[in-house]
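Here is the structure we will look at, set down as structure tokens.
When reading the values below, keep in mind they use all heavy atoms of this one structure, side chains included, and skip hydrogens, waters and symmetry mates.
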Amino acid sequence: MKPLHAKTLFAGTIFTSAFLLFLVQPLIAKQILPWFGGSAAVWSICMVFFQVVLLAGYAYSDWITRKLAPRMQARVHIGLLVASLAFLPIVTSDRWKPTGGDDPTLWILGLLVGTIGLPYFMLSTTGPLVQSWVARTPWGAEVYRYFSLSNLASLASLLSYPVLIEPRSTLAQQAWAWSAGYGAFVLLCAGVAWYVARRWPAAEASGAGTASTASSASAGPATDLPPRPGRVDQWLWLALPALGSWLLLAVTNHITQNVAAIPFLWVLPLSVYLLSFVLTFESDRWYRRRILLPLAAIALVACAFGLQHKVGAELKTGLPIYIVGLFVLCLFLHGETARLRPPAAWLTRFYLMLSLGGAIGGASVGLLAPHVLPGYYELGIGLVLCGLVAIVLWRRSRIGMAAGLALAGGCAWFLVLQVKSDASGVLRMERNFYGAVRITESRLGAKGPMRKLYHGSIKHGEQYLAPGLRRTPTTYYGASSGVGRAIASAPAGPRRIGLIGLGTGTLAAYGRPGDVYRFYEINPRIFALADEDFSFLGDSPARIERVLGDARLALEREEPQRFDVLAVDAFSGDAIPIHLITAEALDNYLRHLEPSGVIAFHVSNLYLNLAQVVEKIAEDKGLHSALVVDLPDTATGLYSTDWILVSRDANALSVESIRSATSVPQRIPGLRAWTDDYNNLFSVLK
């Protein structure tokens, strides 16, 4: 094979593996998100899985190149590649659906292992393993540029999914297309392994700048290695990527929970994170210490300052601060990592430590932080650690060490101020798998003191504390709102009301003696908070029923509930639970509805036009729908809301109280009805 053709084969294999590696992440996450309430935490758990399996792949690459002879390496690797084909197509099985509302972390990890474990593992081995083989060739001096190429492929995959792939294909088509692509990758990678096994001795003998000298075709890995890198350097191989991964997830949590709940916002931090790898490992020209050091110091201080000041929480200022700050800090961290890259003989060990660092950083934020931190403080901690690692990098310079210590101390001070600010006026603050919640209380106001529940930056309900006002519906649930009108128009006798999403339990305020209000809530702590800190449930004359777990899965298991009204109130924020707003979901709701019953979808959203989605599904099913846009007087304290009501019975929506408030949804040309197999948030962005 000519050198150019061989280089193309190596590059094509690495690019294909990295593209598929990143493409499978949103594909598989989208398949399982509906089973776990659409929570953003599901993505964090998936990220941890991907990083841990990547680590396992890098460990395998390091072991196989050191312990096995070239031909045995090829046999083992080709055997595993063939075995991984048994996992295709990558379609999740219904047997993995959860049955309760407990923390699903281990269940999600088991699901991922059983669905994509070995294929993902094989893809993760490709970068370091193929690069170790490239290092034995005459063009081995270029080996680290292949790492840049793999990150470029990952970035291309990340950006192409929401823009090109998701809008044009169903989940089933995506799964089958990915599986076909994986089959092509198996052929490419097997071809590379076979080529290396045949050509290793000749390539190794002529490989300029490689790790070792030639041996016979049957010899094991070379033992004439250059000196082992120092312990501090190896520690930095671990620490620097760990901080990069830590900052990636911490910044993502901060901007999506505390700055703006905008769909696809998580793409920005992940893009700049990957871009920093592309630039720093492509060549040394992109990382200039003289320029990056002062920029990194400024970014560190700016990000830390923003955590305790409104400038870091407002969209127009907070988003640029943290996206640009993450990019600069990742350029610094990954640039310093690239400066420490060892000779090719230690290449697989270098990538193993790099991957281990990424897994540690990801696990710390994705798995550990939700259980040990009451709020989103992992970003502040990560910034402090960046200052501390700078002390190690400049351990030979007193000025550098002093500067690093000053930066760490400044970041720590701003973190303390953030914690104090969060605690001010807060009655309760806690966090679990489903996110961080805060309960605040204000004493000022025309109607007296008020208690509020927040999930991240989104308010999930509030209640007046004055005895005569405690049962007053607030926020999105006033009498003039769509759901208020639907409940008021329900039959005069005892009513059965279903409610997906609890919040503070505000809608229980409409309960009358003889009514049944059945709440579905996935977060077990929300039930406890609604009982302990609010009284809507306790004060309601209606009988309150509680169902813990994902509402759609619960409704699928239950006998028909014969609801007069079913309120679907789970679409605020950026983590839209799409599985609650598909054609199959609507069929499920209809099974539990009285013939003249009404389904009320709460579609108020600053960034998404969800009303048209519901209307399109209802239209395709021959149902009737009405959009109720409520713009209450500001003096009432109620919020403007959009609710779209759906019913089999046209008369149920033609009553005066509903008909008089009906509006026409904004049209979206070419919108397709959403199903479990096809949905596209990108198409409904406002």
Side-chain angles (χ1 to χ4, degrees), residues 18 21-22 24-26 28-29 32-33 36 39-59 103-106 108-113 116-117 120-121 123-124 127-128 150-151 154-155 157-158 235-257 265-277 322 326-327 329-330 333-334 337 351-373 376-386 389 431-433 435-436:
L21 192 76
F22 246 74
V24 76
Q25 296 179 16
I28 200 70
I32 69 173
L33 273 171
F36 302 96
S39 169
V42 177
W43 175 246
S44 294
I45 299 302
C46 290
M47 286 289 287
V48 171
F49 168 82
F50 298 141
Q51 288 173 319
V52 170
V53 177
L54 192 69
L55 169 63
Y58 281 25
D103 188 320
T105 298
L106 294 179
I108 293 172
L109 294 175
L111 184 160
L112 293 171
V113 170
I116 60 168
Y120 195 87
F121 174 79
L123 289 170
S124 69
S150 70
N151 281 281
S154 300
L155 181 59
S157 178
L158 168 70
W235 182 86
L236 288 171
W237 294 352
L238 178 79
L240 295 171
L243 283 175
S245 175
W246 181 305
L247 292 180
L248 165 65
L249 290 183
V251 167
T252 302
N253 283 343
H254 178 70
I255 65 173
T256 57
Q257 298 296 327
L265 195 55
W266 58 269
V267 171
L268 290 177
L270 188 53
S271 297
V272 301
Y273 173 81
L274 290 173
L275 183 59
S276 69
F277 270 124
Y322 289 104
L326 177 66
F327 181 55
L329 290 172
C330 283
L333 293 168
H334 298 152
T337 305
Y351 284 136
L352 173 60
M353 297 296 285
L354 190 152
S355 178
L356 177 59
I360 290 174
S364 298
V365 177
L367 296 181
L368 188 61
H371 295 284
V372 300
L373 299 177
Y376 291 106
Y377 300 129
E378 54 266 31
L379 179 52
I381 295 172
L383 297 174
V384 173
L385 293 176
C386 283
V389 82
R431 184 178 177 186
N432 65 5
F433 172 84

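Here the OH-CG distance, from Tyr322 to Leu379, works out to 6.0 Å after rounding to the nearest 0.5 Å. Of the inter-residue distances, the one linking Leu275 atom CG with Cys330 atom SG reads 10.0 Å to the nearest 0.5 angstrom. Interatomic distance, CG of Leu249 versus CG of Leu270, reported as 9.0 Å (0.5 Å rounding).
Not counting sequence neighbours, the partners of Tyr120 by the side chain to side chain donor-acceptor pair (under 3.5 Å) test are Gln25. The side chain to side chain donor-acceptor pair (under 3.5 Å) check on Tyr351 picks up Gln131, with sequence neighbours excluded. Scored by the side chain to side chain donor-acceptor pair (under 3.5 Å) test, Ser276 finds His334 as partners (sequence neighbours excluded). Partners of Glu378 by side chain to side chain donor-acceptor pair (under 3.5 Å), not counting sequence neighbours, listed by chain and number: Asn253, Arg431. In this view, Thr337 and Leu240, Pro241, Phe281, Phe350, Leu354 satisfy the side chain to side chain contact (heavy atoms under 4.5 Å, CB included) rule, not counting sequence neighbours.
For the pair Ser157 (side chain) and Ser154 (backbone), a donor-acceptor distance under 3.5 Å is absent.
In this structure, Ser355 and Tyr58 approach most closely via the heavy-atom pair CB-CD2, 3.2 Å. Closest of all the heavy-atom pairs between Ser245 and Gly358 is OG-O, 2.9 Å. What you find for Gly117 and Phe49 is that their closest heavy atoms are CA-CZ, 4.5 Å. Residues Ser124 and Leu54 share a closest heavy-atom pair of CB-CD1, 3.4 Å.
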Checking side chain to side chain contact (heavy atoms under 4.5 Å, CB included) for the pair Leu385/Ile381: CA distance, chi angles, key distance, verdict?
-> CA-CA 6 Å; Leu385 293 176; Ile381 295 172; 4.3 Å; yes

Are Ile116 and Phe50 close enough, and set up right, to give a side chain to side chain contact (heavy atoms under 4.5 Å, CB included), and what steps lead you there?
-> CA-CA 10 Å; Ile116 60 168; Phe50 298 141; 3.9 Å; yes

Just do the side chain to side chain contact (heavy atoms under 4.5 Å, CB included) check on Leu243 and Leu329 with the steps written out, would you?
-> CA-CA 9 Å; Leu243 283 175; Leu329 290 172; over 6 Å; no

Starting from the C-alpha separation in whole Å, work towards a yes-or-no answer on side chain to side chain contact (heavy atoms under 4.5 Å, CB included) for Leu247 and Leu383.
-> CA-CA 8 Å; Leu247 292 180; Leu383 297 174; 4.1 Å; yes

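Using a 4.5 Å heavy-atom cutoff, the side chains of Thr252 and Tyr273 are not in contact. For the pair Val389/Trp235, a side-chain contact is recorded, criterion being any heavy-atom separation below 4.5 Å from C-beta on. Proximity of Trp246 to Leu333: side-chain heavy atoms (C-beta onward) are nowhere separated by under 4.5 Å. For the pair Ser150/Leu21, no side-chain contact is recorded, criterion being any heavy-atom separation below 4.5 Å from C-beta on. Residues Leu112 and Ile108 are in side-chain contact: their nearest non-hydrogen atoms beyond the backbone lie under 4.5 Å apart. Two residues are said to be in side-chain contact when any heavy atoms from C-beta on lie closer than 4.5 Å; Ser271 and Leu158 meet this criterion.
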Counting only pairs under 3.5 Å, give me each side-chain donor-acceptor contact of residues 360-368, with atom names and distances, residues two or more places apart or in other chains.
{"residue": "Ser364", "atom": "OG", "partner": "Ile360", "partner atom": "O", "Å": "2.7"}

